[in-house]
Each structure stands twice: as C-alpha cells, then as structure tokens.
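Each remark here refers to the structure printed beneath this line.
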Amino acid sequence: MPATGKSLDRVDGRLKVTGAARYTAEWEVPGLVYGAVVDSAQARGTVQSIDVAAARQAPGVLAVLTHDNAPRLQPIPEKIGGTLFRGEGGITETSQPLQSAAIEYAGQPLAVVVADTHERARYAASLVRVSYAGQEPDLAMAAASRKTLPETFLGNNEEKLQVTVGDPTGALAAAPVKLERVYESAITHHNPIETLASIARWEKRNGADFLTLYDTTRGLEILQEIMATSLGLPKESVHVICPFVGGAFGAKGWLYAPALLTAMAARVVGRPVKIEWRRQDMFAVAGHRPATRQTLSLGATRAGNITALRHDTLTHSSQSSGYTEPCARVSRMMYAVPNLGFAHQLAHLHLPSPCPMRGPGETVGGWALECAIDELATELNLDPVELRLRNYADKNPETGKPWSSKHLRECYARGRKLIGWDERNPRPRSMREGSQLVGYGMATTMYPAGRKEAQARATIFADGRALVQSATHELGNGAYTIFRQISADALALPVDRVRFELGDSALPPAPTSGGSTTTATVGPAAQAAARAVLAALISLAVRDAQSPLFGATAEAIDAREGRLVLKAQPGTGEEYGAILRRARLPSIVATDGAKPGEERDKYSFYSFGAVFAQVRVDEASGSIRVARLCGVYDVGRLMNPKTAHSQIIGGMAMGVGATLMEATHYDARNGRAVVRNLADYHVPSMADTPDMQVEWLNIPDPHISELGARGIGEIGCVGTAAAITNAVFHATGQRLRSLPLTPDKLMRT
Amino acid sequence: MHPFQYQRTETADQAVAAVAQDPAGTFIAGGTSHVDLMKEGVLHPSLLVDVSGLPFKQITAHEGGVRIGAGVSNTAAATSADIRQRYPAVSEALLAGASTQIRNMASMGGNPLQRTRCPYFRDPTQACNKREPGSGCAAIGGYNHVHALFGASAACVATHPSDLAVALSALDARVQTLGPDGPRTIAFPDLHRLPGDQPHRDTVLAHGELITSIDLPAFSGRSHYLKVRERASYAYALVSCAVALEMNGSTIGRARVALGAVASKPWRVTAAEALLAGQVPTEPLFRAAADAAFADARPLEHNAYKIPMGRNLMVRALLETNGLQPLQGPAGTAFAASVGGVAGQFAVPR
Ligand SMILES: Cc1cc2nc3c(=O)[nH]c(=O)nc-3n(C[C@H](O)[C@H](O)[C@H](O)COP(=O)(O)OP(=O)(O)OC[C@H]3O[C@@H](n4cnc5c(N)ncnc54)[C@H](O)[C@@H]3O)c2cc1C
Ligand code: SF4
C-alpha cells in the first residue's frame with residue numbers, strides 16, 4: 001500500500017501544538033542583542049535630520065543605525081532564475097533600507113536601535129527624533145502622477161499583462177447583449193500569526209565573512225542570493241535557516257528590508273542581532289495585496305455565447321516596486337471567448353510595496369470576472385451554471401493549447417447537487433428564513449498548475465532508516481508530511497522509517513514555496529533522489545559476492561518493503577541495512593533533481609473547481625453570514641486527503657475574509673496604515689466560518705509528473721469571493737461591487 | 001517599552017494612596033486594555049498599581065439589586081445566574097464582547113475604563129488630542145468609519161468601545177468609588193464625559209480614584225442588548241443598543257435606551273425614552289422613537305451608515321425586549337445579542 005494518497009496525520013503536528021517546533025524568533029543564539037526599528041511618520045519627502053543622541057544615551061544601547069552610518073548595500077539584481085526583480089512587472093522593491101534620506105512610504109524604516117534587551121531597544125527607539133522635509137504624497141490610484149503599463153508579470157513572456165486576442169472592441173460593439181461593470185477591491189494584508197523576524201550572526205570562516213541568517217522566509221535560496229549580492233558576499237557565505245514558517249500566504253518571500261536591516265545591524269555591533277517585527281509593522285514592511293479597480297466588459301449572443309471579454313485593471317504599487325496584481329489570470333483562460341482583451345495599469349503610490357497574496361490576481365480578478373458572468377446570466381435570464389457550460393473552454397483560449405487534464409463539468413455537476421442548487425428559487429430576493437434573506441451563488445475557480453525544478457538528497461542508513469532532504473519550506477502547507485509520504489513510497493519503506501528535512505539553504509535547492517507549485521516541484525525531486533540512492537545501493541549489492549543479488553543486473557532488481565529483491569523471484573533479496581552493514585558503510589547517499597520538460601509546451605496546466613455558497617443576509621443591519629460553502633475541486637491526484645482538506649478549507653476561510661471583512665486603509669493624507677492590529681483588522685473568526693463541504697475528483701494529471709499531483713495551496717481561496725457575492729445578490733437583489741462586503745455597504749440612508 | 005514600577009497592594013486605601021502620589025501612576029487590573037496600550041507606545045505610566053488582589057471579587061445582593069465587585073471577572077459576571085436572569089442585557093453585552101480568554105482576565109472595574117478604539121489614538125505618530133492634548137485630531141478629515149455621531153467636538157470624534165457600559169447606562173447602574181478624598185457614588189450615565197476641549201479625560205474619575213463596585217439597582221422589567229459588528233464574533237460594535245423596559249399593564253411604564261459606539265459615552269436617548277413612556281408598544285412607535293433618537297446625529301465622512309443601521313437596530317432591540325419579536329438566541333447569551341448570528345446553517349448553533 002503506497003503512503004501517498006493516505007490521510008496521514010501531520011508529522012509535525014505534535015511539535016507545533018506543544019510549542020516544540022522552533023520558529024525564527026525562538027532560536028537561542030549566544031550573545032544575542034536586539035534591534036528595534038524607527039519608522040517614517042510621513043509618506044514622501046526626505047529625512048532632514050535624525051536626532052539619536054537621547055537614544056544612544058539610553059541604558060543598554062549599543063548602536064543606532066540610520067542612513068548616515070549604515071553599511072552601503074549593492075543593488076538588487078535585475079533577475080534571479082528568470083524572475084524579474086526590478087522594474088515594471090518585477091516582483092520586489094529596489095529601494096533598500098537606510099541607503100538614503102529619501103522617504104517613499106509611511107512606515108519605512110528610518111533607523112534601527114540595537115540594545116542588550118528587546119525592551120530597552122524599543123524604549124530607546126521611542127527617543128529617536130526625526131525631522132522631515134515632507135512633500136505631498138501620491139496616495140490615490142486614479143490621480144497618481146506616475147502610471148505605467150507593465151509588459152509582463154515577473155518578466156515571464158508566457159504571462160503578458162497587456163493582451164488582445166481577436167477584436168474585442170469590434171466584437172463588443174457588435175454584441176446583441178453587452179454589459180460593462182466596475183469592481184473594486186480593498187488592500188488586504190496576509191497577517192500570518194507569526195510576524196516577521198530575523199536573527200543575523202556574522203563570523204569569520206577561513207578568514208572571510210560568513211553570515212548565518214535565521215529568517216521567516218519561504219524562499220531560502222532567493223533570500224540567500226539577495227543577501228549575498230546586497231552585502232557583497234559569495235552566495236556560499238550566506239546560510240539561511242528556517243525549518244518552520246508560521247504562515248505566509250504570499251508574504252515572507254519577496255521583500256527583503258527586514259533581513260537586510262538585521263544583517264546590517266549585526267555587522268555594525270559585531271554581535272548577533274534579532275529584529276522581531278511587531279504586528280503594527282506588518283502593515284508597512286510585510287507586503288499586501290494591492291487595491292484594484294477592474295472594468296469588466298462582456299459581449300454575448302442572446303443564446304449566451306460570450307463573444308467578447310475585456311478585463312481592464314487599475315492597481316498600484318510602491319515607488320520602487322513594479323509588482324502588478326495580475327487580475328486577468330482567470331479571464332484569459334476560463335471561457336471559450338474568441339475576442340479577448342486585457343490590460344493592467346499600475347499607479348506608483350507612496351505606499352509600502354505589495355506582493356503576491358494567496359491567489360495573486362486570481363482571488364480578486366477571478367472575483368470580478370465571476371461576478372460579471374453572474375450579472376450576464378441575470379441579463380440573459382440564464383442559470384449561472386448553464387451560462388458557464390455554454391462557454392466551456394475545451395482548450396486554452398489564449399494559447400490554443402489543450403489542457404493537461406480538465407474535469408470542470410463534473411465539478412459543476414457535483415457542486416450543484418451538494419448545495420441543492422436546483423431546489424432553490426432562482427428569483428432574487430425570493431428566499432427567507434425568519435427575518436433574514438437567503439441566497440445561493442456559485443463561481444468557477446482555478447489555479448495554474450505550475451512546476452519548477454528542484455533537487456533533493458536521499459540517504460539510507462545501515463539501520464534501514466532513511467532521510468530525504470530538500471531546501472523547501474514548511475509554512476503550514478504540510479510539506480514535512482507529504483514529502484515524507486512521497487519519499488517513503490519511492491524508497492519502498494514505511495513512512496515511519498523515513499524522515500524528511502527542509503528549511504535550510506545548505507540542503508539541495510528547491511524554489512520559493514509559492515504559486516501552489518511545491519508538491520509538483522519537490523515531490524518528483526524527492527522521488528528522483530530516492531531512486532538514485534536505491535540505484536547506488538543496487539550497484540553495491542550486485543558487486544558484493546555475499547549478497548543474494550550478486551551478479552544480477554540492475555534492471556532485474558526491485559525495491560520492495562525495505563528490501564532489494566529479484567523481480568522474478570521476490571523471495572530472493574535482502575534488507576537495505578544488511579547490504580550497508582556488510583560493506584561497513586554507515587549510510588549511502590545520492591542527490592538528484594527533477595524538472596518539468598516539454599510537456600509544458602504541449603499542454604496548458606491548470607486546476608479547476610466550482611464553489612457554491614449559501615448566505616443569510618440580515619438586511620436591517622447589513623450583516624452577511626455564510627451559511628454553507630461547498631467546493632468541488634479537480635486538482636489532480638491527492639498526496640494526502642487530510643492535509644489537502646486543511647489547505648482547501650483554510651483557503652476558503654481566507655476567501656471568506658477577503659469577501660466579508662478584510663481591508664486595510666492607508667490614511668489619505670499621510671499614508672500611514674490606519675488600523676494596525678488584529679482586533680480591528682478582521683480575519684474570519686470561527687463564528688464566521690461555516691461548515692465547508694469539500695470534495696475532489698482525485699483524477700491524476702497524466703502530464704504534470706509521474707505523481708499526477710497538482711498544487712492546492714491557493715485554489716481554495718479563489719472562487720469563494722464570487723460565490724458569496726453572487727449569493728448576496730440572489731438573497732437581496734443588490735449587486736455589491738466593492739470588496740469587502742462589510743455591513744455599511746448594504747446600508748442605504 | 002518605557003520603564004515603570006509595578007506594585008501590588010493589599011487594601012484599597014493603599015492602592016489609592018499609591019496612585020494619588022504619582023501623577024503618572026495608574027491602576028491595573030486584568031491589563032487587557034492597559035498593557036496593549038503600553039506596548040503600542042500610547043501610555044507610559046511610571047507606576048502600575050495592581051488592584052487585582054483587592055477584595056472586590058464578590059457578586060452580592062444589595063438594596064434589592066446586585067453589587068458586582070470591581071475585581072469580578074467579565075466571565076464571572078456574565079455567567080452569574082443572578083445577573084443572567086435579572087439583567088440579561090449585562091450578560092449579553094459582556095458575552096458579545098472580546099473573547100473568552102480576554103473576558104477571563106478582564107475585570108468589571110477595568111471594562112468601562114478601556115480606551116477608545118479610534119485607530120489614530122493607537123499610532124503615536126498621528127495627531128490625537130486624546131493621547132497628546134493639543135496635537136490635533138487625525139480622525140477628523142481622516143478615516144472615520146468607526147467614529148461618533150453624537151456629542152463629538154472639534155477636538156475629538158472618538159467613541160467609547162465598551163459593550164458593558166452601554167448596558168450599565170441603560171440600567172442606571174451606580175459606580176462606587178474610593179478616591180483620595182474618600183468614597184462617592186457616580187450614576188453610570190455620568191461616568192463618561194463628552195470630549196469638549198479635553199478629550200484626554202474619558203471619565204469624571206479623579207486621578208487615583210478607584211472603582212470598588214458597580215451596583216445594579218432593583219429592576220423587575222426586561223433588559224436586552226444588541227450588537228452589530230463586522231465579523232460574527234470577537235469584534236467591537238459598529239453600533240449597539242441596550243434597552244431596559246418596564247411595562248405598566250399593556251403600556252410602557254419606562255423605557256431606557258442607550259446606544260453604543262456612537263459617542264464617547266453610552267448615548268442615552270432621553271427624547272426617545274420620553275416618547276415611549278405611557279404608549280402601547282408597536283413597531284411604528286418604536287420607529288418613531290428611533291427616528292427621534294437619531295434626529296440630531298452628526299455623521300462624519302465615513303460613518304453615515306451608522307444612522308440607518310442604528311435606527312434599525314434600536315427598533316429591533318425594542319421589539320425583541322418587548323417580546324413583539326423573538327430573541328435571536330437564549331436570553332443572557334452572546335447569541336441573543338449578536339445580530340446576524342453565526343456562520344453555518346443555523347444562526348444559533350443547535
Ligand atoms: C482583542 C480585544 C478585543 C476586545 N473586544 C471587546 C469588545 O468587543 N467589547 C468590549 O466591550 N470590550 C472588548 N475588549 C476590551 C476588554 O473588554 C477590556 O480590555 C477589559 O474589559 C478591560 O479590563 P481589564 O481588567 O483588563 O482592565 P485593565 O486593562 O487592567 O485596565 C483598563 C483601565 O482601567 C483602569 N482600571 C482598572 N481597574 C480599575 C479600578 N478598579 N478602578 C479604577 N480604574 C481601574 C486602568 O488603570 C486602565 O486605565 C477587547 C479587548 C481586546 C484586547
Ligand atoms: S477622534 Fe479622538 S481619539 Fe481619535 S484621533 Fe481624534 S482626538 Fe484622537
């Protein structure tokens with residue numbers, strides 16, 4: 001029985017719930033001192049002077065770093081591994097901390113105070129006085145003085161941001177049924193429970209500088225590279241460690257000021273430094289999902305064939321980042337639309353830099369599209385599911401490539417059963433329960449099924465146990481668990497004899513854990529390493545005269561239940577450990593990797609799903625509650641239904657948050673985040689989270705990899721917002737086109 | 001964090017004397033409000049006098065009503081059978097606020113003295129007259145979604161966030177204190193101040209004046225609390241309403257109504273109360289009362305939604321208190337107080 005596909009409990013669950021899992025801020029480093037950051041009260045201008053005299057005199061203070069005395073940094077590279085870092089459409093901010101007096105956003109770090117305790121550092125930081133030469137900041141998208149049209153998302157030529165297929169303008173003009181709607185979404189923050197933290201320690205190794213960095217990161221290798229280039233070190237002289245990430249959701253991967261500040265401070269004081277960011281700082285330095293203003297234009301025949309689709313987005317970034325929320329990600333592929341156009345306009349504001357957040361582009365862009373489709377269904381007097389079926393795409397409409405695997409019809413069919421779609425009264429405002437209105441809504445969901453290259457190392461020990469390692473990340477996604485399962489199967493060992501290690505840049509490299517690619521990327525690498533080590537073991541056995549396998553060819557040998565056996569005579573063989581013990585080897589090791597191949601050119605890889613929501617609306621108070629959420633997903637083969645279920649319902653709950661409550665407001669005058677705590681920035685509580693019925697088709701993707709598994713980290717978040725919003729329309733007859741749907745939005749004076 | 005001294009005291013006299021002699025000294029009880037604000041750099045007391053060990057931890061019968069010691073936890077008060085049965089509005093208000101963990105720590109004396117949730121108050125880089133007198137008010141002209149409709153001034157438009165206080169105001173509770181000048185009794189509706197030009201003073205309490213108990217007077221009518229919030233649990237009110245209703249046969253004897261989250265104090269709507277007295281309870285009457293209650297609301301840029309929401313809420317609170325509409329959950333529970341109920345198939349879990 002293979003371990004994959006089984007609902008194994010999280011192997012790190014006990015460590016996590018008992019507090020034994022070590023998160024970044026918890027590492028005990030001898031001689032550690034503490035940094036506290038002074039941030040900018042203003043959004044634009046220059047620092048005229050910083051008076052640090054009182055802070056320096058404060059008890060326990062070792063140093064105060066400002067742009068006047070901080071070490072100089074080398075610029076962020078243009079590209080790393082094909083990903084665009086700088087410029088329009090790039091992933092990160094190019095301004096680095098404490099390099100000049102320029103202020104580009106409120107909350108920008110302006111000084112770091114280092115002291116012998118955290119409390120003393122914080123106190124001294126409160127004594128720093130900054131005087132500003134302020135300028136009027138650009139804080140509104142529409143009025144921004146610098147707007148651009150980025151060409152690609154992250155420099156990826158497969159993901160252009162300004163696209164026209166066919167003649168959308170002409171087709172719209174000619175369409176018998178037309179609809180144009182504007183949808184707006186608010187800024188939201190990832191707000192993982194673990195706030196950002198870094199510990200930096202410098203030492204000399206062989207006479208040269210060496211940096212050890214504990215950091216809350218889901219991108220070990222990129223962080224290693226950014227630290228190395230910024231600090232002028234060879235990559236090998238930076239070691240990044242992070243065995244547990246306390247939630248990321250898109251943060252903790254693409255913004256580097258926190259780690260750089262810590263490394264600079266440690267260099268200046270000559271001791272290891274920790275900077276642990278407070279919740280309020282997370283609203284400035286941790287990234288966010290930017291606000292959007294999206295115009296959806298649809299043209300259709302009376303029979304419900306969509307002939308034209310335009311999706312035009314205005315979004316924003318900071319002064320030095322070109323990150324562009326790719327809002328057309330769903331529009332470009334979901335429906336068989338012959339005339340398709342989309343554009344993304346980016347306003348550079350004096351706000352902190354955004355970055356991806358669970359379902360970047362898909363969550364809010366998909367919301368706008370799926371709401372517009374629902375509006376079109378109303379316009380055409382068609383069932384919303386039926387309209388989607390009439391425009392079902394049998395191949396990718398933008399590229400013309402066939403899908404690697406798509407079973408969306410089954411998702412619709414099963415979802416409508418689960419929720420009782422056909423039992424509802426389809427007329428808006430027709431259903432009630434006591435004083436509350438009841439409504440049903442649905443939406444299609446998807447997520448690109450990416451795969452990247454990764455390496456892994458497998459070791460079999462003389463006691464018959466094994467260890468597989470790869471520098472991937474555990475961010476609550478279940479990585480420790482499923483990679484142990486995949487490794488165990490590939491090594492033909494029971495799961496309890498295999499360990500999986502990650503979270504250390506010294507291990508064989510794996511990419512940033514993002515874009516729901518980790519399973520499809522690291523799984524095949526773990527398999528490859530496992531096979532390589534078995535091959536090495538086989539060649540040891542067949543050359544050993546005392547082995548029952550002596551003289552056999554490698555092809556004749558199979559690994560079964562911890563033994564190497566002859567395929568033809570499974571009774572003949574021996575345990576892994578026996579081979580090693582006889583050879584007096586404590587272990588045998590092999591490293592190998594895996595990467596996607598030409599299947600990527602032949603097929604279009606996506607996961608699909610259908611989400612159905614039932615809501616109750618208390619109109620008198622504007623309160624919306626989700627009564628039920630049903631999601632049916634086509635995500636390839638599941639590695640572990642239990643961790644998969646957690647990922648999906650976690651994503652759906654986050655979707656509930658984005659739909660009903662999450663929003664960050666930056667003050668329109670000074671650009672400071674107004675609310676900066678988790679009492680007033682609302683994420684869903686248990687009472688906001690209904691029972692979520694989740695099903696999957698569990699049909700392996702024949703092309704993605706031998707595992708047949710696509711990613712599932714984000715698809716749960718996508719789709720939920722539109723399903724709920726459409727259900728609110730069905731309940732109330734009101735189209736709400738601005739996220740989040742807080743009670744004030746439903747109130748009419 | 002700024003350095004401070006911490007002192008535990010055995011008696012109320014000691015506690016009062018300790019705070020009175022230090023102009024930057026404060027009491028601390030559960031610390032759930034106070035410590036947050038210290039960590040956020042809003043408060044910098046030089047001395048914390050811990051009153052959680054003082055002997056004010058009983059709920060006792062008192063003059064036909066109930067005396068709740070200032071040191072009683074929010075949880076203990078909310079779940080006391082006496083309070084739940086006789087003053088369900090108090091239990092409902094408490095249980096619809098904060099979280100179980102916080103209510104376990106929070107004290108009845110500390111709860112009404114928690115500070116505003118105006119977000120600008122919590123950011124020391126922003127102008128705020130309540131935090132730093134004379135610095136200005138960033139909320140006026142800023143993002144004022146949660147701010148006041150009533151009684152605000154050009155110096156401050158903050159609201160008071162306590163749910164409990166709204167219920168206590170409607171019930172005309174009395175606050176017993178011990179100050180440097182001795183004990184006194186304060187009628188609950190007089191405890192909190194309107195901002196005027198001194199928004200840094202939330203209440204009429206003198207420096208070093210300690211709340212020793214909160215007394216609920218004898219009451220044989222019905223009381224009820226309703227709260228609208230941006231998530232189903234663990235959120236402050238957008239608007240709330242407490243009603244204490246005494247019937248006189250088929251007409252209303254006395255109705256007391258307090259609105260929450262619309263002013264710097266629980267907002268007793270006396271004009272509406274007058275309109276209700278002596279009338280036969282009907283929905284149109286309640287609507288008229290609610291219209292009267294909001295007649296002089298002064299919305300800011302982002303909080304006009306509170307007017308229709310508050311009106312509807314007040315009508316509903318009156319209907320439910322009176323029994324013309326059913327409660328949304330068992331009296332004295334968070335479910336009775338929570339407008340919209342919880343997510344899931346049933347608004348109240350079954
Ligand atoms: C995340 C969060 C959510 C919350 N949500 C809600 C909510 O929805 N609704 C709600 O109503 N509340 C809410 N609260 C607030 C909570 O109810 C209060 O923090 C709590 O009641 C305060 O009680 P305490 O004993 O901890 O007070 P402390 O924090 O110890 O003190 C508060 C203030 O009272 C003073 N003080 C304390 N005791 C006395 C006394 N006996 N005499 C004189 N002065 C005294 C202190 O000096 C201080 O100024 C929330 C709090 C948090 C942290
Ligand atoms: S409303 Fe009051 S508390 Fe808020 S910023 Fe203005 S003065 Fe401060």
Side-chain angles (χ1 to χ4, degrees), chain A residues 39-42 59 106 118-120 122-123 126 278 280 433-436 614 616-629 656-657 660-661 665-670 672-677 679-680 682-691 740 742-749, chain B residues 1-3 36 39-41 44 98-99 102 117 119-120 122-127 138-139 141-143 145-146 226-236 238-239 299 302-313 315-316 325-326 328 334 338-347 349:
Chain A
D39 71 355
S40 175
Q42 301 202 6
H118 176 74
E119 289 73 16
R120 284 173 148 180
R122 276 250 66 83
Y123 173 61
S126 75
R278 300 167 305 165
Q280 47 273 47
E433 210 178 275
S435 61
Q436 300 190 328
Q614 182 193 346
R616 291 193 314 271
V617 181
D618 181 88
E619 223 179 9
S621 68
S623 308
I624 300 166
R625 299 284 181 265
V626 183
R628 293 172 64 203
L629 264 182
V656 169
L660 295 184
M661 60 193 83
H665 297 274
Y666 286 93
D667 186 273
R669 302 154 303 179
N670 61 32
R672 295 276 298 179
V674 178
V675 164
R676 306 182 306 156
N677 64 70
D680 299 302
H682 300 129
V683 298
S685 70
M686 282 300 159
D688 295 287
T689 318
D691 281 343
T742 42
D744 54 300
K745 304 257 171 82
L746 265 172
M747 296 313 304
R748 294 267 159 90
T749 327
Chain B
M1 214 186 249
H2 287 233
D36 257 15
K39 289 200 290 191
E40 291 193 278
H44 317 110
S99 65
I102 291 170
R117 296 308 297 188
Y120 294 100
R122 278 164 203 271
D123 181 352
T125 71
Q126 304 268 16
Y143 184 63
H145 179 71
V146 299
L226 274 185
K227 173 173 180 180
V228 183
R229 42 187 159 173
E230 284 183 355
R231 67 179 161 190
S233 167
Y234 202 14
Y236 291 91
L238 290 173
V239 190
H302 303 116
N303 68 353
Y305 71 91
K306 287 188 177 187
I307 297 176
M309 184 185 283
R311 269 200 219 110
N312 292 344
L313 189 75
V315 173
R316 175 127 147 218
Q325 251 181 35
Q328 300 300 300
S338 301
V339 170
V342 299
Q345 256 168 300
F346 305 104

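Just so we're on the same page: letters track the sequence lines, and every chain starts at 1. Just so we're clear, the structure is a prediction, and the values are computed from it rather than from any experiment.
Using a 4.5 Å cut-off between heavy atoms, L238(B) touches chain A through its side chain atoms alone. For K306(B), no part lies near chain A; criterion is any non-hydrogen pair under 4.5 Å. Only the side chain of H145(B) comes within less than 4.5 Å of a heavy atom in chain A; its backbone stays farther off. V339(B) touches chain A through backbone and side chain together, each having a heavy atom under 4.5 Å away. Residue E433(A) touches chain B through its side chain alone, counting heavy-atom pairs closer than 4.5 Å. Only the side chain of S623(A) has a heavy atom closer than 4.5 Å to any heavy atom of chain B. Looking at R316(B), the atoms closer than 4.5 Å to chain A (heavy atoms on both sides) all sit in the side chain, from C-beta outward. When heavy atoms are compared at a cutoff of 4.5 Å, A98(B) does not approach chain A at all. For chain B, no part of V617(A) is nearby; none of its heavy atoms comes within less than 4.5 Å.
Each of R229(B), Q328(B), K227(B) was scored for a side-chain hydrogen bond (donor to acceptor under 3.5 Å, both in side chains) with S338(B), with one residue passing: R229(B).
Partners of S126(A) according to the side-chain hydrogen bond (donor to acceptor under 3.5 Å, both in side chains) rule, which considers only residues two or more places apart in sequence or in another chain, are H2(B). Legend: residues meeting side-chain hydrogen bond (donor to acceptor under 3.5 Å, both in side chains) with Y143(B), ordered by chain and number and at least two apart, are H665(A).
Of the residues considered (R231(B), H302(B), R117(B)), R231(B) shows the highest number of contacts with chain A, using heavy-atom pairs under 4.5 Å. Of the listed residues (V674(A), I624(A), V626(A), L629(A)), the one with the most heavy-atom contacts under 4.5 Å to chain B is V674(A). Note on A668(A), P740(A), S621(A): by heavy-atom pairs under 4.5 Å with chain B, the leading option is S621(A). Of the listed residues R278(A), R120(A), Q280(A), R669(A), the one with more heavy-atom pairs under 4.5 angstrom with chain B than any other is R669(A). Here D123(B) is the residue among N312(B), D123(B), V315(B), V228(B) with the most heavy-atom pairs under 4.5 Å with chain A.
Between Y305(B) and P743(A) there is no side-chain heavy-atom pair separated by less than 4.5 Å.
Checked by atom type, the side-chain pair N670(A)/Q126(B) shows a donor-acceptor distance below 3.5 Å.
Taken from CE in M747(A) to CD in E619(A), the straight-line distance is 8.5 Å, to the nearest 0.5 Å. With values rounded to the nearest 0.5 angstrom, S99(B) atom OG is found 13.0 Å from M686(A) atom CE.
Taking a cutoff of 4.0 Å between a charged side-chain nitrogen and a carboxylate oxygen, R672(A) and D39(A) qualify as a salt bridge.
Here the side chain of R625(A) pairs a donor or acceptor atom with the backbone of G341(B) at under 3.5 angstrom.
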